[in-house]
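Shown next, in structure tokens, is the structure this report addresses.
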Amino acid sequence: MTERQDKGGLERVAVIDFETTGLSPGIGCRATEIAVVLLENGRVAGRFQSLMNAGVRVPPDIERLTGISNAMLKAAPPADAVMREAAEFVGDTPLVAHNAAFDRKFWDYELGQFGRTRRQDFACTLLLARRLLPAAPNHKLGTLTRWAGLPATGQAHRALADAEMAANLMAHLTRVLRVQHGLDRVSHQLLCGLQKVAAKQVPEYLRRVTAV
DNA sequence: TGCCAGGCCCTCTTTAGGGCCTT
């Protein structure tokens with residue numbers, strides 16, 4: 001464990017969210033907006049947000065979904081410049097995203113456009129919520145936010161609003177681990193281990209962790 | 001026109017299929 005860890009809470013993490021032109025860079029989709037929310041001991045310690053111009057057109061259905069238009073991207077800074085700035089903002093801070101498999105693909109792809117590689121793992125609030133909040137009606141980010149009584153953060157499907165929702169959810173999941181499972185510290189390493197454990201094995205995993 | 005990805009996870013499973021999630 002090399003990262004800072006705060007007693008009684010969640011160590012510093014960077015919660016990220018991408019808006020994109022589609023579901024995968026493997027089929028030509030690119031990022032259009034990124035937001036990063038630094039969460040430290042359950043509280044927001046910093047924010048980064050920017051549109052980015054990757055030189056691709058936004059399909060009409062995606063423009064309707066996100067509200068991000070081709071005209072907005074035309075005036076946005078180049079994608080590589082934005083990603084360099086985002087990577088600098090994040091540094092070595094462990095990463096978190098909702099459905100991290102999606103954001104990890106775009107993070108890796110956009111960094112790869114200028115020769116950089118990811119240096120840290122992603123924890124996934126979707127996988128963690130499936131294990132820790134099994135009674136939720138579903139595990140969409142918006143549903144979990146409303147179901148858990150977390151604050152509204154603005155327009156859904158914009159990067160900063162979604163990253164703040166995911167950060168609030170991450171803080172809520174930390175509280176669940178502390179209050180319901182007796183953990184006094186929640187590390188990113190623990191979260192990454194927990195999200196790989198089968199749902200039925202979660203109680204045993206947490207008992208083993210708290211016994212150490 | 002409609003679909004295009006991919007990992008996770010459950011079940012009527014494991015030599016598979018399909019829903020959930022992200023944009």
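Labels below follow one simple rule: chain letters A, B, ... track the order of the sequence lines, proteins then strands, and each chain is numbered from 1. Values below: all heavy atoms of this structure, side chains included; hydrogens, waters and symmetry mates excluded.
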List, with names and distances, any nitrogen or oxygen atoms from the protein found under 3.5 Å away from nitrogen or oxygen atoms belonging to nucleotides 18-20 of chain B.
unit_1	atom_1	unit_2	atom_2	d
B:dC20	O2	A:Arg130	NH2	3.4

Can you tell if the side chain of A:Phe48 reaches within under 4.5 Å of the side chain of A:Ile16, non-hydrogen atoms only?
no
Side chain of A:Ala101 only, please: which of B:dT23, B:dG7, B:dC10 is the nearest?
B:dG7
Residues which pass side chain to side chain donor-acceptor pair (under 3.5 Å) with A:Arg43, listed by chain and number, not counting sequence neighbours:
none
Sequence neighbours left out, cut at 3.5 Å: what donor-acceptor pairs do the side chains of residues 19-31 of chain A make with other protein atoms?
unit_1	atom_1	unit_2	atom_2	d
A:Thr20	OG1	A:Gly22	N	3.1
A:Thr20	OG1	A:Gly22	O	2.4
A:Thr21	OG1	A:Arg30	N	3.0
A:Ser24	OG	A:Gly26	N	3.0
A:Arg30	NE	A:Glu110	OE1	3.4
A:Arg30	NE	A:Glu110	OE2	2.9
A:Arg30	NH2	A:Glu110	OE1	2.8

OP1, OP2 of B:dT22 versus side-chain N and O of A:Arg104: anything below 4.0 Å?
no
Are any of the side-chain heavy atoms of A:Leu177 and A:Leu206 separated by less than 4.5 Å?
yes
Do A:Met83 and A:Leu111 have side-chain heavy atoms sitting under 4.5 Å apart?
yes
If you check the A:Leu127 side chain, which of B:dT22, B:dT23, B:dC9 turns out closest?
B:dC9
Residue pair A:Asp61/A:His157 against DNA chain B: nearer the 5' end by closest nucleotide is A:Asp61
Separation of A:Arg131 atom CZ from B:dC10 atom C1', in whole Å?
12 Å
A:Arg158 (side chain) donor-acceptor with A:Leu160 (main chain) under 3.5 angstrom:
no
Nearest nucleotide by nearest heavy atom, which residue falls closer to the 5' end of DNA chain B, A:Lys200 or A:Gly26?
A:Gly26
